[in-house]
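Here the structure is a predicted model, which is why all the values come from computation and not from measurement.
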Amino acid sequence: DKPPICERLYYTVVKDEQGLPDVAYGVSMNVTEQMLERERFQRAMQSMLSANPDALSTFELNLTQNLNRAVMGTSPYILRQLDTKTADDIFENARSEIVDEASRKDFEAVFARAALLDAFAAGKGNRHVDIRRCDDSGKQIWVRVFINMLRNPETDDVEAVVYSLDVSKEKQNQLIYDLITNEEHDFVALLHTADNKA
């Protein structure tokens with residue numbers, strides 16, 4: 001009535017005087033806990049990869065080995081920029097897309113491999129930063145970039161899922177709210193100069 005276990009078997013073959021296999025000795029180890037941990041890790045990674053269908057881009061990194069495993073997204077331009085072999089190159093290419101110095105500094109403080117590995121070692125597996133960059137049409141947008149890190153129980157490597165969301169409306173609404181609440185105004189208008197609308 002006990003749950004099934006997973007065993008790993010190791011065999012050593014001993015040969016006779018003629019060099020022919022004679023006896024095999026086997027050792028069995030219970031690896032149930034390691035296998036369950038591996039399954040939990042794989043489920044967590046898959047859940048993080050599919051959790052945000054509205055993501056502008058999503059990619060999977062091995063931070064320990066400095067590898068980029070997969071890139072998905074909605075913007076062909078950004079996908080080309082982030083289609084690299086290493087995590088360092090992804091962070092550098094993403095940094096080069098940032099249009100203002102304050103956002104660039106915020107991004108660099110979080111999205112450097114050494115800083116991320118240090119944060120993970122300190123128990124901070126999730127980080128995010130808001131940046132400004134241009135979309136495919138050249139219009140400036142606010143993007144929130146998230147990273148979720150996990151340790152792979154098989155390799156002991158720190159792996160991560162990074163995704164970005166367009167938060168331009170949220171930033172715009174916050175700016176309007178701050179303008180209205182921080183000062184007294186007789187009239188407040190929001191002008192969309194690109195669309196020629198008020």
Side-chain angles (χ1 to χ4, degrees), residues 44-45 47-151 157-183 188 190-194:
M45 287 296 282
S47 174
M48 287 190 298
L49 283 168
S50 60
N52 290 288
D54 296 330
L56 298 171
S57 61
T58 303
F59 40 99
E60 184 181 353
L61 305 174
N62 182 320
L63 295 174
T64 305
Q65 301 294 326
N66 192 21
L67 296 173
N68 175 21
R69 293 237 170 104
V71 179
M72 299 163 279
T74 58
S75 164
Y77 171 73
I78 292 298
L79 289 179
R80 281 193 304 276
Q81 288 295 97
L82 301 180
D83 188 18
T84 68
K85 299 283 186 223
T86 70
D88 289 340
D89 287 344
I90 279 197
F91 298 148
E92 178 58 29
N93 288 357
R95 188 191 67 73
S96 71
E97 295 296 317
I98 300 171
V99 296
D100 67 297
E101 192 60 32
S103 291
R104 192 174 294 116
K105 285 182 180 177
D106 290 345
F107 183 84
E108 288 171 345
V110 174
F111 284 91
R113 214 163 43 89
L116 289 167
L117 290 169
D118 288 346
F120 184 80
K124 299 173 186 168
N126 304 316
R127 309 292 309 271
H128 77 273
V129 67
D130 292 348
I131 61 169
R132 281 193 310 167
R133 69 168 176 82
C134 292
D135 64 10
D136 288 1
S137 68
K139 176 181 164 188
Q140 282 193 18
I141 60 172
W142 278 99
V143 175
R144 184 164 294 145
V145 185
F146 295 88
I147 185 164
N148 298 310
M149 298 174 281
L150 292 172
R151 186 171 303 282
D157 291 349
V158 177
E159 298 190 23
V161 172
V162 181
Y163 64 95
S164 59
L165 298 173
D166 185 340
V167 292
S168 300
K169 286 283 186 204
E170 176 187 327
K171 289 287 192 177
Q172 187 179 61
N173 292 340
Q174 184 62 48
L175 180 62
I176 293 168
Y177 177 80
D178 290 346
L179 285 171
I180 293 171
T181 57
N182 291 340
E183 297 179 26
V188 175
L190 178 61
L191 305 175
H192 294 274
T193 55

Would the distance check show the side chain of [X] and the main-chain N or O of [Y] forming a donor-acceptor pair, the cut-off being under 3.5 Å?
X: S168; Y: W142; result: yes
X: R113; Y: D88; result: no
X: N66; Y: A87; result: yes
X: N62; Y: L67; result: no

Point to revise | Under-4.0 Å salt bridge between E92 and R95 | key: yes

field: Derivation of the side-chain contact (heavy atoms from CB on, under 4.5 Å) call for T58 and V161
entry: CA-CA 7 Å; T58 303; V161 172; 4.0 Å; yes

Would you say [X] and [Y] make side-chain contact, with heavy atoms under 4.5 Å?
X: L165; Y: F146; result: yes
X: K171; Y: Q174; result: no
X: R133; Y: L56; result: yes
X: R144; Y: D130; result: yes
X: L61; Y: N68; result: yes
X: L117; Y: T64; result: yes

Least distance between heavy atoms, [X] atom then [Y] atom:
X: V99; Y: R104; answer: C-NH2, 4.3 Å
X: A115; Y: A109; answer: CB-O, 3.9 Å
X: R132; Y: D100; answer: NH2-CB, 3.3 Å
X: R151; Y: F120; answer: NH2-CE2, 3.5 Å

Name the orientation class of the two ring planes belonging to F107 and F91 (parallel below 30°, tilted from 30 to 60°, perpendicular beyond 60°). perpendicular

Separation between NE2 (H128) and CG (D106), nearest 0.5 Å, reads 10.5 Å

Enter the distance from I131:CD1 to I141:CD1 here, rounded to the nearest 0.5 Å.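 Result: 8.5 Å between the selected atoms.
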
